[in-house]
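Notes follow the structure.
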Protein chains: 2
Amino acid sequence: MAPYHHGSLREALLSAAEKILQREGINALTLRATAREAGVSHTAPAHHFKDLTGLVSALAASGFARLHDFARAEASAAETKDQLVAHARGYIAFARAHPGLYKLMFRSERLDWDQPDLASAAEDAYSLLTPASEAPLAHDRPGQRSIADTMARWSYLHGLAMLLIDGRLSAGMSMIPGADEDLLIADLIARLERLHRPSHP
Amino acid sequence: MAPYHHGSLREALLSAAEKILQREGINALTLRATAREAGVSHTAPAHHFKDLTGLVSALAASGFARLHDFARAEASAAETKDQLVAHARGYIAFARAHPGLYKLMFRSERLDWDQPDLASAAEDAYSLLTPASEAPLAHDRPGQRSIADTMARWSYLHGLAMLLIDGRLSAGMSMIPGADEDLLIADLIARLERLHRPSHP
DNA sequence: GAATAATCTTTCCACTGTCTAGTTCATCTA
DNA sequence: TAGATGAACTAGACAGTGGAAAGATTATTC
């Protein structure tokens, strides 16, 4: 007999939600389905997440945190000295490994950015796109150019991740006879370095 | 008294759907709401679009077609000789002017890419990112590099559009004191040109 | 002028998010 | 240790949803 109090229902609901996301897609991710998957009444999630927005936001926060950790780990394991590209590789690899989760992390109309966990996790993740060498100096102007550089890199990586996940680039890939998909993606990622420092500062 | 046959219900439903999208956001865009807005029974849309997916796909097709026309018109009106950047400006301007519609156009789990209208409209729109000078020659290999270039540009523009629409870049913008937002965006768009031709072919 | 087909309505079902009220349990205070 | 307080969870209800089925109305075609 299941005890009345679950004990760690919050975590159980999060992993149930992610399981549904993988198995049946984002349209099947509902509060009730999550509760069913966790073997709990259909209103139980409300106490931990309030809303469907709350559940999705918490899941997104977990996603950003894991993205951050994964990209860091991949970069530190990489042989290359170029940490920026290493982080980018990790970023794209994460998105490809968890497509449903990644897309959920950009479902703006179902995310509550006032939730501190989510905001800080996302900020951490994207701090990897500003290399330490470009960090703003103390008395200097706060690195306007590096901020714009970070925006450009983020845009490129995010767009690439989205189009890859949705298979929108595979049509173009099939047009290149005998091309190695992973190699092409690596080439696209490498172009990230060309985005910084515009012609007219 | 309204006649039993509407006459041009398909178009009426599409514009009703877009009105809802602008007014109440994508979560409020339902089959029933669209039918209500058009003053018709809630199952009437099914005959023209079959599904919610069908309605969304038709709306997305219209969006891609208009994006294509808009970008072309903007580019032909532009003074610059650089058509690529001119198209890119039009692309971003369209996305910012119709944020709900643009996001809907990338709602992959609600789009039916087997619908020919949608597929061809999207293809037309993205053909603008492959300048005529880079078009594949007849007897040559079909421009592997230009295909990858197009992918890179598309990724960058799509990511930029998404992050702009969702306001994810405004935090960074506010960190640059006294920066003109439009000027910064123009600078980001101009970087598109730096993406082509990777270091090692 | 009938037959046929397209268009639209009515009715129905299972499902959803969220509200309200109640039940069970753990923990903290006296 | 007893009792109160509040957190965690359940049960039931409501309006809204997508979609299927079957019927009504009008255009079109032969």
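The chains referred to below are lettered A, B, ... by the order of the sequence lines, with proteins before strands, and numbering in each begins at 1.
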Under 3.5 Å donor-acceptor pairs involving side-chain atoms of residues 83-93 of chain A, not counting sequence neighbours:
unit_1	atom_1	unit_2	atom_2	d
A:H87	ND1	A:Q83	O	3.3
A:Y91	OH	A:Y102	OH	2.7
A:Y91	OH	A:Y126	OH	2.7

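- Within 6.0 Å of atom CD in B:E11, more than 12 heavy atoms from other residues, nucleotides or ligands are found, so the atom counts as buried in its surroundings.
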Could you go through residues 25-32 of chain B and list every donor-acceptor pair under 3.5 Å that involves a side-chain atom there, pairing it with any protein atom two or more places apart or in another chain?
unit_1	atom_1	unit_2	atom_2	d
B:T30	OG1	B:A33	N	3.0
B:R32	NH2	B:H42	NE2	3.4

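- What separates CG of B:N27 from P of C:dT18 is a distance of 10 Å, to the nearest Å.
- A:R10 has its CZ atom 15 Å from the C1' atom of D:dA7, to the nearest Å.
- If you look at B:F94 and B:H98, their ring centroids are closer than 6.0 Å.
- Using modelled atom types, one finds no donor on one side chain facing an acceptor on the other under 3.5 Å when comparing B:R72 with B:S76.
- Here C:dT16 presents its P atom at 16 Å from CD1 of A:I26, a figure rounded to the nearest Å.
- The stretch residues 28-52 of chain A touches DNA chain C through A:T30, A:L31, A:R32, A:R36, A:H42, A:T43, A:D51, A:L52, each having a heavy atom under 4.0 angstrom from the strand.
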